[in-house]
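Presented below is the structure to which this report refers.
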Amino acid sequence: MKARANKEQMDRDYHIGTIDPKKVPVEELLKYYRDMLLIRRFEEKSGQVYGMGKIAGFCHLYIGQEAVVVGMQSALTPEDTVITAYRDHGHMLACGMDPKGVMAELMGKATGYSKGKGGSMHMFSREKNFFGGHGIVGANVSLGTGIGFAHKYRNSKAVSVTYYGDGAGNQGQVYESFNMAALWKLPVIYVLENNKYSMGTSVERHAAMPDQLYNRGSVFGIPGHVVDGMDILAVKAAADMAVKYVRDGNGPIILEMKTYRYRGHSMSDPAKYRSKEEVESVKEAADPIQHLLAMLQLHKVTEDDLKQIDKEIKEIVNQSVEFSDASPEPDPSELYTDICI
Amino acid sequence: MKARANKEQMDRDYHIGTIDPKKVPVEELLKYYRDMLLIRRFEEKSGQVYGMGKIAGFCHLYIGQEAVVVGMQSALTPEDTVITAYRDHGHMLACGMDPKGVMAELMGKATGYSKGKGGSMHMFSREKNFFGGHGIVGANVSLGTGIGFAHKYRNSKAVSVTYYGDGAGNQGQVYESFNMAALWKLPVIYVLENNKYSMGTSVERHAAMPDQLYNRGSVFGIPGHVVDGMDILAVKAAADMAVKYVRDGNGPIILEMKTYRYRGHSMSDPAKYRSKEEVESVKEAADPIQHLLAMLQLHKVTEDDLKQIDKEIKEIVNQSVEFSDASPEPDPSELYTDICI
Amino acid sequence: MSNTITVRDALRDAMAEEMRLDPDVFLLGEEVAQYNGAYKVSQGMLDEFGPNRVVDSPITEHGFAGLGVGAAFTGLKPIIEFMTFNFAMQAIDQIINSAAKTLYMSGGQISCPIVFRGPNGAAMRVGAQHSQCYASWYAHCPGLKVVSPYDAISAKGLLKAAIRDPNPVVFLENEMMYGEHFPIPEQWDEIVELGKAAVVRQGSDVTVVSYSFMVGKCLQAAEQLAAEGIDVEVIDLRTLRPLDKDTIIQSVRKTNRLVSVEEGWTVAGIGSEIAAIAMEEAFDDLDAPVVRVTGADAPMPYAANLVSLTIPRVDQIVDAIKQVTYKS
Amino acid sequence: MSNTITVRDALRDAMAEEMRLDPDVFLLGEEVAQYNGAYKVSQGMLDEFGPNRVVDSPITEHGFAGLGVGAAFTGLKPIIEFMTFNFAMQAIDQIINSAAKTLYMSGGQISCPIVFRGPNGAAMRVGAQHSQCYASWYAHCPGLKVVSPYDAISAKGLLKAAIRDPNPVVFLENEMMYGEHFPIPEQWDEIVELGKAAVVRQGSDVTVVSYSFMVGKCLQAAEQLAAEGIDVEVIDLRTLRPLDKDTIIQSVRKTNRLVSVEEGWTVAGIGSEIAAIAMEEAFDDLDAPVVRVTGADAPMPYAANLVSLTIPRVDQIVDAIKQVTYKS
Ligand SMILES: Cc1ncc(C[n+]2csc(CCOP(=O)(O)OP(=O)(O)O)c2C)c(N)n1
Ligand SMILES: Cc1ncc(C[n+]2csc(CCOP(=O)(O)OP(=O)(O)O)c2C)c(N)n1
Ligand SMILES: [Mg+2]
Ligand SMILES: [Mg+2]
């Protein structure tokens, strides 16, 4: 009975609201628009620059998933931390990292966030509390759990936002982390970006009970919620609730973001495992930026305002490339620095 | 609706019955008695022999948990396979392995199941389809899943019975295995022997939602059941159902056996993390052999019959030690054999 | 190009041929089936063998390696593909503790006829977490056989031998080699015995031992030095465990000079072992100390200029050879 | 015994002292708190520091190692205890790919001040899966420091240095050493610098390098040989990465003979590295080839008689020393 009452109380205190786009200040919507557009254009540019041979190795674009990071970020404060895997450009930009430093890193330049030594998958910013940028699928989940452990250890109110993919969600260390996070009530928001594919393997083929991914923490007592990851305000609403839930000391929570990546898994993936129609239909029906544009229509935003933003973003992105082009490669001596302190 | 009907059908076809001890042929009960008593006496003797310095290293006794393996084994056929971790003497005896070979291995003799090269934690019998005997907590769960994979690959009807502990149940590879077993409908019975402790850590301290361990496969679609692991017939009933469920091609299933180990984790553990009273109360209220004896009372079994059995078992156990004492150590050349074929 | 074959195709052919011969052989790993392999090594295999024998697994290296080992304990012959060996670190407990040690721990009862394969070492600027060479780690461990082929023809013969071998074999490929074409000779060995190195270039002045990708660089260095009058013998180790000491020592007895070349890290690497063996078995034959050419003792950087400083280059190998021949 | 201390207590004291000094230091692992450590190394620490700083973890090495690394990224200084290093294989991806490489991959931004510690190598007949020595694996990898102490006093100073070190340190203890008593000298270094070997016995005829448990056997061998007129210098490497080449080479320049002794497997072991270094840096100083004494190239057996053939014995070390001094 007590557990039951508790549960009802919890459901009341922590339910995901609906945000009416008309009631959101237009400046806020425009900020989301800017942030999402920056990611989109930055990623498109990365793809081009990769094609020109200026970026190498693995490069995983975030196009299609922009609403997830921008919506999550809207609920965070600067002391909150973020960690993700290798599809990380969007997360970095959303965290406020400088597109110049990100692009320079992609291009292997000394001015990059990792001095050119990390590359696309390995960037960090202490200043912005962005903890990477990790290439081993699943590893960032334990790391993010540890960052949450540190927040709690320090009696900080900070939250560790820990992103992972639907494919990553099968890795054993995810469950090891869930158990510890639940046992010790660690302040972690696990954000599962379910873009329906783990490389070429669809979620139905890699996960038993593919429609229950949000629920995979339930057996450890971690509540999970499904969120429309293509809708910035749905993400924001979920993020607001999750941040409150975790900051209130209730322990971890899982948000499963239903989303979609438009491009191949990495630049070298022709993505033959799905039809063009499938991709096009998502773009048409659910593109997160189009969706936000529709909300902006409810406000007094002119075509010119939007064009102006587009122009500014384009400028920022172009400048990031110019900056990187003009930047030097790391000094050869850098090969042997930063191995140990 | 279909899923619902399906579920109802499943519940009807696969529910754990209750076995009335009065209706069980006395020979069957006596066989259980023999088998359980053999394990008990064998383990007591192992403890003694360890104390005499004739067994070394880690040695994990199974006393208290006898009903689990004997009950499970009662539902299996010879082509079914068994795998467990390091607390394995009971499993081996229940599989029909020769106590002489087991004791000889414990004593590091050439006549042991592993020629003295494995020790307590590492014995195997191809003949009895016993696949070990593994020292790394959790590893045997993936291995057992692979044995199930092999059964299915070969279109065999065999079932892979895969034992693991409550502590092991936190290991990530268990969930990786669950996902694959469920995805591919592998014929595996996961037998979780919840003896309430992972070494010195009680289940409440190592597992989030400690009363839900049976349920930890549910998010992968694996049904789980709690079984009174101190009651041989309850175990048998669960085993019968599980074997039928798996053999019918429904994929894996989990049986959580509530049980208890009487001795320390290994011979070197004084078990200060629990009170003597706790141990005594289990022994008094729920000892699996006492419980079985009570059932035997319902049949016409005389004290003399039981004494005769006790005597025979004692004899078998003593002979296993005599045999081992008389056996030679492995030839020194064995150091370099069996590394590669 | 009809008389050539790529390493990629050679590996696929090896697997496919063995699978045709033996129904107990199957391939399991991430993206091996519908995607035809992350690096297209298993191209066409799903079509030929179907989803029961070419199995796409979830990203759960630890679990599926353990699953493969369990299946091998029963006598099946799994080929477990790691998308790269970097990810096999997640599974290394199953490779070492379960696959490599069980024959011993069972007193010879339970064998583990499994092949773990996939690309090892650096690829094209894929960063620190995707570029490690695990050759010396695996070579360290009894109970395993460790193979790392260079050319397409031997890769095929070695992989076929590995699949037939009743022991666990770690088969270290190289992503940058997959697309390399090698001529198909008139005659060749269908099966290349494990544990045997090959003298891939005869020479009298100095012995260079290497494996995998680096063999090609050694051959280039040898060509270059031939022009300068230094006659280099190049040995492709092929199998790293057990190491073919005899072939190395025999060559050193002839040339009296030894250079080892590998892309992996220096400390306790394959080159360290080669040097120690030379010390133990050919000390009096050595006219110069063995020189190790290895990858830089640093995590793999991303920037192009730094990467070019990490993996041994032909000029470094040339310098090392000159050093041991006192021609530098 | 009041003027002695066990390795066990020394390690505990090192941790406790550092935890008193620095609130960012905490201990996490299986059975470290309520049980006071599976091998009682953390005796009394829960009582003193409470459950927030001495944390019992579930059996999830991969997860809790990753958790420790994540916490270290934020500046905390975790001590992660593995019940034994055999179980760290489950976590080795986090140790190598996350802990060791992130400073580099982040261009120096994210450091990882963590200590991974626990017993390494063989204990008393615990079988193949519980007896592996991981020294050479970890020593292979840049980005780590690797320490393996012998005596109690240096163990304490080294562990304190490891905890203060801003880099990930793999600290390899030995279960059979925990109960060993060592005299407490009048004066000693509270902190023992990482990266420095110690000449623990001076001698002029031959240099023996070793680490951990085996140092004791080497000292015994040296005593025995002293009686026979062979003057043995024994070097305790202490840190395996970075290796203190200078101390080794300096000694070899004096003795012209070198033996390496370790309990780990032969191939690509620490001894291989020592031999390669001697080759590179002291070839002309060597009057005999370096001899490696290593554990048997086999999984660890269980039977008492076989076990006694695996870990180097004093007589083997004596023989090796005689061999390099041509006294055999
Ligand atoms: C441990 C490990 N295994 C395999 C890989 C190769 N790999 C990189 S990304 C990826 C797919 C991951 O899919 P998901 O988690 O859904 O993330 P997404 O790429 O969709 O963002 C794979 C298999 C890896 N990097 N690490
Ligand atoms: C990977 C790994 N970590 C730690 C250990 C040490 N260890 C051996 S048994 C054990 C406790 C396991 O408890 P549980 O799974 O409940 O099984 P039980 O001993 O109760 O039968 C631990 C921590 C190990 N053998 N392997
Ligand atoms: Mg995905
Ligand atoms: Mg238990």
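Just so we're on the same page: letters track the sequence lines, and every chain starts at 1.
Of all non-hydrogen atoms in A:N170 and B:E176, the two that sit nearest each other are O-CG, 3.5 Å.
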Kindly determine whether A:V219 and B:R216 satisfy side-chain contact (heavy atoms from CB on, under 4.5 Å), including the steps that lead there. CA-CA 5 Å; A:V219 289; B:R216 282 189 171 189; 4.1 Å; yes
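Highest contact tally toward chain A, considering only B:G172, B:A181, B:G221, B:S177, is held by B:G172 [criterion: heavy-atom pairs under 4.5 Å]. In terms of heavy-atom pairs under 4.5 Å with chain A, the best-connected choice from B:A207, B:P210, B:G217, B:A208 is B:A208.
Put simply, CZ on B:F220 and CG on A:N215 are 10.5 Å apart, with the number rounded to the nearest 0.5 Å.
Only the backbone of A:E204 comes within contact range of chain B, with heavy atoms under 4.5 Å apart.
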